[in-house]
Undergrad: 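The structure under discussion is supplied below as structure tokens; questions concerning it will follow.
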Number of protein chains: 2
Amino acid sequence: MGGTHAEMARLLWGPHPRPARGPRPTLDLDRIARAGIEIADSDGLAALSMQRVAARLGVTKMALYRYVPGKAELVALMVDAAIGPYRAAGKPRNGWREHLEEWGRQLLAGFQRHPWMLDATVGPRIMGPGELSWLEYAVSTLDGTGLSGAERMDAAVLLVGHVREITQQARAAGPTGDPETELGAVLGDLMREHGDRFPALTSALISTARSGGQNQAWEFGLQRILDGLAALIDQRAC
Amino acid sequence: MGGTHAEMARLLWGPHPRPARGPRPTLDLDRIARAGIEIADSDGLAALSMQRVAARLGVTKMALYRYVPGKAELVALMVDAAIGPYRAAGKPRNGWREHLEEWGRQLLAGFQRHPWMLDATVGPRIMGPGELSWLEYAVSTLDGTGLSGAERMDAAVLLVGHVREITQQARAAGPTGDPETELGAVLGDLMREHGDRFPALTSALISTARSGGQNQAWEFGLQRILDGLAALIDQRAC
DNA sequence: ATTATTAGTGTCCATTGGACACAGTTTCTT
DNA sequence: AAGAAACTGTGTCCAATGGACACTAATAAT
């Protein structure tokens, strides 16, 4: 292993000065990260190996270790490159709620473009500049709302959690959107056989049937969180 | 690989009839799962290998494959055994909010007892009876609140997402609770060096300083979600 | 007693992440 | 111009991993 946190920070945050001597490098961190992203996008994070990344770049696996101390660092680079910096699109005259809503939608879109980011962002880790810019924006929208610093952070984290959960659900449902994957079929069988042990669940699922799929779940959670925030902010304002 | 979803379901949901012929098995699924849990509890999911589980049971690695088709299935068993069925503790006269609050606290406690469950529950998968009983309870508390089936499910999922996010934060902060781990130190350095690029974040962190750590974040998100739910329920009731 | 099953073992294999020595390339110094 | 220094990509090697498969021993039905 080559992965201390300090190395990770240096890699994510630079600078990366081109060394003065020696042959010119064939690769750079950006190309490596993009190659990894392409693999993970199409075949999932489990299919990501140093070999495959190297092969895609026309280079030996060991060449990568000249740029990256280990696989964990490569994945961290991929995450930060895949999510990129947040670019606010809305007009700046809107209130915090509109901004956070748009922000959440874009974050969700990012996660769904790169579902492997779910697996890559579990556990303690160091965020890169891109990822941090997302957090920065979310927290900044809550400036002047009367929330404390910790509360503004907590609110952002709460939204991130929701985005992650929805991404996970969407991935389970498969790309079609409805649970007619094999997993969905197995789950159906399961409920048909053991449904009586889970009456509330069964009734909830039946009454659900067709009501909008995961998009509904996303909107529901988003609005509930924003409502909860609004309630607190209003209460503080009085 | 030996892991179709159907096999996973059979393994998690049984039945597991003792075969009539042949020597008596030395192990059973429960003991295997518990051995795995002990390893993951103490050394993390990354340290879980078939070899180590087998060694702890005094048996060869290949013996495990008589019980479990593959590692993925073993992990699924571990998850369901670790979280276990939900046992409602509160008096049944309370309202949905109290029940959900207690439920969330217990779920969080479970995740913090077995932090590796975070890594083990990413991606599409089949839930076991234990896990499903937690979902069942959460959904059942919302019966009769005027929420639709889908909404009741979404509410439960929302809370699970929050629990997961908090667990992740707590794990990053380390067992002490404050960010004085190496990771925390590196993050501090990072903000000291690049803080000017993230003014809102910096100010939020400074004003945070000492305000309660991750417990605060947990309570904040929990109450925000419950407030949001209450708002919707009240609105439906009118 | 024979036979069908089943359980645990031992051996083998491909793949993985990574360590390390080496040869070739480029720039700085003398 | 000529080393020397620093660096790059390659080739080889290794331990550990999940898993396939054949084999022996144990059990119960016939």
Side-chain angles (χ1 to χ4, degrees), chain A residues 1-4 7-8 10-11 15-33 35-36 39-40 43-78 116 119-120 123, chain B residues 1-4 7-8 10-11 15-32 35-36 39-40 43-78 116 119-120:
Chain A
M1 287 229 228
T4 72
E7 292 175 71
M8 189 85 88
R10 193 182 45 71
L11 212 66
H16 306 287
R18 235 294 254 115
R21 314 251 196 122
R24 12 188 85 71
T26 346
L27 309 173
D28 58 287
L29 289 177
D30 232 67
R31 279 188 63 203
I32 296 178
I39 292 173
D43 292 10
L45 196 65
L48 185 89
S49 73
M50 300 304 266
Q51 306 234 41
R52 270 193 80 178
V53 177
R56 174 169 289 245
L57 292 167
V59 105
T60 315
K61 145 185 95 149
M62 288 316 291
L64 298 182
Y65 286 95
R66 291 282 171 201
Y67 302 83
V68 170
K71 197 193 185 185
E73 286 80 4
L74 169 58
V75 173
L77 281 176
M78 287 168 52
W116 50 269
D119 315 71
Chain B
M1 287 224 231
T4 73
E7 291 175 73
M8 191 86 87
R10 191 182 46 73
L11 213 66
H16 306 288
R18 234 295 257 110
R21 319 261 191 112
R24 13 186 84 73
T26 348
L27 310 173
D28 58 287
L29 288 177
D30 232 68
R31 280 188 60 202
I32 296 178
I39 293 173
D43 292 9
L45 197 65
L48 185 88
S49 73
M50 300 302 264
Q51 305 233 41
R52 270 193 80 178
V53 177
R56 175 168 289 245
L57 292 167
V59 107
T60 316
K61 143 184 96 147
M62 288 315 291
L64 299 181
Y65 287 95
R66 292 281 170 197
Y67 301 83
V68 170
K71 196 192 185 184
E73 287 80 6
L74 168 58
V75 173
L77 281 177
M78 287 167 53
W116 50 268
D119 315 70

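Throughout, a chain's letter reflects where its sequence line sits, starting with A, and its residues are numbered from 1.
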Undergrad: Sugar-phosphate means primed atoms, P, OP1 and OP2; the rest is base. With that split, encode nucleotides 22-30 of chain D 5' to 3' as B, S or - using protein heavy atoms under 4.0 Å.
TA: ----BBSS-
Undergrad: Check whether A:R31 reaches the backbone of A:T26 with its side chain - one donor and one acceptor, N or O, closer than 3.5 Å.
TA: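 Checking the backbone N and O of A:T26 against the side chain of A:R31, a donor-acceptor pair under 3.5 Å is found.
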Undergrad: Nearest 0.5 angstrom please: A:M50 CE to A:M62 CE, how far?
TA: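 Between A:M50 CE and A:M62 CE, I get 8.0 Å after rounding to 0.5 Å.
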Undergrad: Any side-chain N or O of A:Y67 under 4.0 Å from OP1/OP2 of D:dT8?
TA: no
Undergrad: Could you list the residues that satisfy salt bridge (charged side-chain N to carboxylate O under 4.0 Å, His left out) with A:D28, not counting sequence neighbours?
TA: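 Partners of A:D28 by the salt bridge (charged side-chain N to carboxylate O under 4.0 Å, His left out) criterion come out as none, since no residue qualifies.
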Undergrad: Of the options A:I39, A:L45, A:L48, which is the one that meets A:W116 in a side-chain contact (heavy atoms from CB on, under 4.5 Å)?
TA: A:L45
Undergrad: Quick one: which of D:dG18, D:dG11, C:dA7 gets closest to the side chain of B:P25?
TA: C:dA7
Undergrad: Could you tell me whether the side chain of A:K61 has a donor or acceptor atom within less than 3.5 Å of a complementary atom in the base of C:dG18?
TA: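 Between C:dG18 and A:K61, which were checked side chain against base, a qualifying N/O pair under 3.5 Å is present.
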Undergrad: When you measure from the side chain of A:K61 to the backbone of A:S49, do you find a donor-acceptor pair of N or O atoms at a distance under 3.5 Å?
TA: no
Undergrad: For A:K71 and D:dT17, what is the distance between atoms NZ and P respectively, to the nearest whole Å?
TA: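 Atom-to-atom, A:K71 to D:dT17, this comes out as 15 Å.
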Undergrad: Rounded to the nearest Å, what distance is computed from the NE2 atom of residue B:H16 to the P atom of nucleotide C:dT6?
TA: 16 Å
Undergrad: Are any side-chain N or O atoms of B:Y67 and backbone N or O atoms of B:L27, one a donor and one an acceptor, separated by less than 3.5 Å?
TA: yes
Undergrad: Would you indicate whether the side-chain heavy atoms of B:V75 and B:D119 approach each other to under 4.5 Å?
TA: no
Undergrad: Looking only at atom types and distance, does a side-chain atom of B:T60 sit under 3.5 Å from a main-chain N or O of B:A63, one as donor and one as acceptor?
TA: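 Checked: no pair found.
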Undergrad: Among the nucleotides C:dT9, D:dG11, D:dC7, which one has an atom lying closest to any side-chain atom of B:T60?
TA: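 The nucleotide sitting nearest to the side chain is C:dT9.
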Undergrad: Quick one: CG on A:L11 to CG on A:L29, what's the gap to the nearest 0.5 Å?
TA: 5.5 Å
Undergrad: What is the distance, to the nearest angstrom, from the CG atom on B:L74 to the C1' atom on D:dG19?
TA: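 Value for this atom pair: 14 Å.
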Undergrad: Take atom CG of A:L27 and atom C1' of D:dT10, then tell me their distance rounded to the nearest Å.
TA: 13 Å
Undergrad: Return the residues of residues 47-59 of chain A meeting this criterion: a heavy atom under 4.0 Å from some atom of DNA chain D. Order them by number, or give none.
TA: A:V59
Undergrad: Atom CD1 of B:I39 and atom P of D:dT17: how far apart are they, to the nearest Å?
TA: 11 Å
Undergrad: Distance check needed: D:dG18 C1' versus B:E73 CD, whole Å only.
TA: 12 Å
Undergrad: B:M62 has a side chain; which of C:dG17, D:dG11, D:dC21 sits nearest to it?
TA: D:dC21
